[in-house]
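Written below as structure tokens is the structure these notes are about.
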Amino acid sequence: MTTAAELERLAGQRRLVLKQEPATTVELLGVGDGAVVRKVYRNRGLCWLRSFLRNSRARREYDNLGAVARAGVRCTPPLAWSERRTCGCVDESALVTRHLPDSRPLKQLLAELDRTASRPAAVRAALAAAMGRLLASLHRGGFLWCSPMPRNVLVLGDPARAELAVCDTPAGIRFGRPIHGGRLAAIDLFDAAFSPSRRADFSAAERWRWLLAYCAGDREAARRLWRTLARRSVLRHDLTRALAMAWHTYILQPLRRTPAAPTAPAP
């Protein structure tokens with residue numbers, strides 16, 4: 001358990017602000033193998049009202065990272081979560097995860113790659129394939145990510161080795177059964193490789209490598225998925241994703257929720 005006193009001790013060693021926005025603060029606390037990342041989420045206005053009797057963002061991410069780890073997928077190990085409520089709505093919640101040394105967001109790496117790598121095309125191809133394998137592992141483990149963007153993935157060590165870890169999962173949905181290649185999986189597949197943003201991040205050749213790796217080298221299965229995803233409109237995708245998240249997150253999840261005490265006091 002990571003206590004408030006322990007967090008203050010780590011902050012005394014080092015406190016580095018990684019992200020500072022009105023709704024979110026992300027800090028790196030401590031040094032070496034004992035360092036942790038603390039994320040503090042604040043709700044205001046409509047977001048505050050929507051949190052009524054719902055699991056806080058920190059609690060959802062803590063539970064989801066645990067599910068990712070149990071599926072055998074590398075992720076930032078969750079250590080503790082906390083929340084503060086008023087009238088059943090979440091004012092603020094905090095998540096503490098273990099820091100993965102020598103890691104950086106895939107989004108940052110893609111932006112830097114052409115300047116920092118001697119073989120950027122080969123490294124980018126390896127990273128695209130690694131993303132496909134990462135998402136396949138999550139889907140086989142019954143986990144729909146719902147936010148498979150480069151900013152939510154960490155690259156560990158040498159990017160040429162393409163070792164990835166999941167670092168952000170508050171919107172994820174746990175099904176308890178494999179969803180690989182199915183209708184629900186298309187939500188993640190589109191966001192990860194076929195949305196307008198991802199088409200800007202990855203070339204067609206890189207996205208083919210991505211999809212082929214997801215299909216474990218099965219070219220016919222990859223072609224079928226490519227055709228399906230290429231025909232998918234942004235409007236249809238956004239509607240399908242919103243309906244799936246509303247049903248599984250706002251309706252089914254509260255019915256299945258079991259009470260749990262916060263694992264650390266709010267910072």
Side-chain angles (χ1 to χ4, degrees), residues 1-44 47 55-70 73-84 90-113 115-117 123 127 130-131 134 145 147-172 260-267:
M1 179 182 294
T2 303
T3 65
E6 177 66 9
L7 291 176
E8 285 304 312
R9 184 187 70 81
L10 292 172
Q13 297 175 352
R14 178 180 61 172
R15 172 179 282 167
L16 177 63
V17 177
L18 304 178
K19 181 179 181 180
Q20 182 68 66
E21 297 177 351
T24 308
T25 299
V26 181
E27 298 174 306
L28 175 62
L29 307 179
V31 295
D33 293 338
V36 302
V37 174
R38 177 171 62 184
K39 301 179 182 180
V40 180
Y41 303 116
R42 294 171 287 273
N43 291 326
R44 300 292 183 270
C47 289
N55 282 343
S56 65
R57 176 169 177 170
R59 168 71 189 279
R60 297 196 306 273
E61 189 166 355
Y62 179 90
D63 290 345
N64 286 337
L65 284 172
V68 170
R70 288 190 295 274
V73 179
R74 188 77 178 268
C75 66
T76 50
L79 299 176
W81 66 276
S82 62
E83 63 182 34
R84 188 177 70 243
V90 180
D91 301 318
E92 182 176 288
S93 64
L95 172 73
V96 180
T97 62
R98 181 71 62 195
H99 173 62
L100 298 180
D102 194 19
S103 63
R104 50 181 160 164
L106 176 59
K107 182 179 179 66
Q108 173 188 332
L109 178 61
L110 290 174
E112 298 174 352
L113 199 51
R115 301 192 304 272
T116 60
V123 174
L127 290 169
M131 276 292 291
L134 180 70
W145 196 348
S147 54
M149 289 70 168
R151 68 173 182 271
N152 295 334
V153 180
L154 295 177
V155 181
L156 310 177
D158 182 0
R161 296 172 58 190
E163 294 186 22
L164 307 180
V166 176
C167 68
D168 201 355
T169 60
T263 60

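Every value quoted in this text rests on a predicted model; they were computed, and no experiment measured them. What you see below is based on every heavy atom in this structure, not just the backbone, and it leaves out hydrogens, waters and symmetry mates. Numbering of residues begins at 1 and proceeds along the displayed sequence.
- Atom CZ of Arg151 is surrounded by 12 or fewer heavy atoms from other residues, nucleotides or ligands within 6.0 Å.
- When side chains are defined from C-beta on, Val166 does not count as touching Val153, because their heavy atoms never get closer than 4.5 Å.
- Shortest non-hydrogen contact noted between Glu83 and Ser56 is OE1-OG, 2.9 Å.
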Please lay out, stage by stage, how Leu7 and Val96 fare under the test side-chain contact (heavy atoms from CB on, under 4.5 Å). CA-CA 9 Å; Leu7 291 176; Val96 180; 4.1 Å; yes

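- Taking 4.5 Å as the limit, every side-chain heavy atom of Pro170 sits out of range of all side-chain heavy atoms of Asn64.
- Distance check: Glu163 CD to Ser103 OG gives 11.5 Å after rounding to the nearest 0.5 Å.
- Residues Ala162 and Ala130 approach most closely at O-CB, 3.5 Å, considering heavy atoms.
- Between the CG atom of Leu29 and the CZ atom of Arg14 there is a distance of 9.0 Å, given to the nearest 0.5 Å.
- For the pair Asn43 and Glu92, the minimum side-chain heavy-atom distance is 4.5 Å or more.
- Of all the heavy atoms in Cys75 and Val68, the pair that sits closest is CB-CG1, 3.8 Å.
- Using a 4.5 Å cut-off on side-chain heavy atoms (C-beta onward), Asn152 and Thr169 make no contact.
- Contact of the Leu109 side chain with the Leu127 side chain is registered, since non-hydrogen atoms from C-beta on lie closer than 4.5 Å.
- Between Met131 and Leu106, some side-chain heavy-atom pair lies under the 4.5 Å cut-off.
- The neighbour count for Arg161 CZ, taken as heavy atoms of other residues, nucleotides or ligands under 6.0 Å away, does not exceed 12.
- In terms of heavy-atom proximity, Tyr62 sits nearest to Leu79 at CE1-C, 3.7 Å.
- The distance from the CG atom of Asn55 to the CH2 atom of Trp81 is 7.0 Å, given to the nearest 0.5 Å.
- Using a 4.5 Å cut-off on side-chain heavy atoms (C-beta onward), Leu100 and Pro77 make contact.
- Looking at Leu134 and Trp145, their side chains come closer than 4.5 Å, going by heavy atoms from C-beta outward.
- What you find for Pro78 and Thr97 is that their closest heavy atoms are CA-CG2, 4.1 Å.
- Checked by atom type, the side-chain pair Arg42/Thr25 shows a donor-acceptor distance below 3.5 Å.
- For His99 against Pro101, the heavy-atom pair with the smallest separation is O-CD, 3.3 Å.
- Checked against Glu27 for a side-chain hydrogen bond (donor to acceptor under 3.5 Å, both in side chains), the options Gln20, Lys19, Lys39, Arg38 give a single hit: Arg38.
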